[in-house]
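The model shown is predicted, which means the values in this text are computed figures rather than measured ones.
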Amino acid sequence: MEVRLGILEETSNQDVGVMTTALILGRTVKEAESLWRNLKKKFPQHKNPYFISRNPEALDGVNPSGKILILLPGYSQNPIVKHFEFQWLKDNAIEVIHINSE
């Protein structure tokens, strides 16, 4: 699987001294964790990944301020994308990054 890195290069050039939390969504948590292992070197400033599960209750209490939302290939197949809580999170994150496979 190849990943387009256009937006990644822009993001990875940011100040690495600032640590932010990355909210990561894939098709499943296991798949997202696997993809993240390959991508985390492109995001050295995101030392605290939070993997979003398929359960919308997992988003209770998640504050999107100061967080980046990273959408991995297959995220649209995750049923949580249809829930209001996820839409609110997506609308209020400081940045939303789509990672596309080719």
Side-chain angles (χ1 to χ4, degrees):
M1 174 184 298
E2 274 189 358
V3 177
R4 266 192 292 154
L5 300 177
I7 197 162
L8 290 178
E9 292 168 4
E10 236 176 71
T11 305
S12 64
N13 290 332
Q14 293 176 356
D15 180 14
V16 293
V18 178
M19 301 295 175
T20 57
T21 299
L23 304 172
I24 303 169
L25 179 66
R27 191 174 59 84
T28 66
V29 170
K30 290 229 184 255
E31 192 174 288
E33 289 172 340
S34 175
L35 289 168
W36 181 249
R37 277 192 287 279
N38 297 326
L39 290 170
K40 67 182 173 183
K41 64 183 169 262
K42 301 291 183 188
F43 296 93
Q45 69 275 26
H46 302 302
K47 297 292 183 189
N48 301 315
Y50 177 83
F51 296 96
I52 300 172
S53 73
R54 300 168 78 87
N55 181 358
E57 293 174 5
L59 294 179
D60 285 347
V62 175
N63 184 352
S65 66
K67 294 180 178 64
I68 306 292
L69 178 61
I70 300 175
L71 304 174
L72 299 174
Y75 84 92
S76 61
Q77 296 171 10
N78 189 323
I80 202 167
V81 299
K82 297 176 186 165
H83 288 273
F84 168 79
E85 293 89 349
F86 175 76
Q87 292 301 318
W88 179 81
L89 185 72
K90 186 176 175 184
D91 292 341
N92 291 289
I94 59 171
E95 185 176 2
V96 178
I97 300 171
H98 293 265
I99 308 293
N100 298 315
S101 64
E102 293 182 344

Does R54 reach the main-chain N or O of R27 with its side chain, forming a donor-acceptor pair under 3.5 Å?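 The answer is yes, because a donor-acceptor pair under 3.5 Å joins these two groups.
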For Q87 and K82, indicate whether the former's side chain and the latter's backbone hold a donor-acceptor pair under 3.5 Å.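 It does not hold such a pair.
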With rounding to the nearest 0.5 Å, note down the distance linking CD in E31 to CD1 in I24.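 The distance works out to 13.0 Å.
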At what distance, to the nearest 0.5 angstrom, does CD1 of I99 lie from CG of N38? 12.0 Å
Hydrophobic cluster membership, with links at side-chain heavy-atom distances under 4.5 Å among I/L/V/M/F/W/Y: are V81 and W88 in one? no
Taking only distance into account, with no hydrogens and no angle test, what donor-acceptor pairs under 3.5 Å do side-chain atoms of residues 56-70 form with protein atoms, sequence neighbours excluded?
residue	atom	partner	partner atom	Å
N63	OD1	S65	N	3.0
N63	OD1	S65	OG	3.1
N63	ND2	S65	OG	3.3
K67	NZ	N63	O	2.8

Over all atoms of both residues, closest heavy-atom pair of [X] and [Y]:
X: H98; Y: Y75; result: CE1-OH, 3.4 Å
X: V96; Y: A93; result: CG2-CB, 4.4 Å
X: I80; Y: F86; result: O-CB, 3.3 Å

Residue that, paired with L25, satisfies side chain to side chain contact (heavy atoms under 4.5 Å, CB included) out of N78, L72, L89: N78
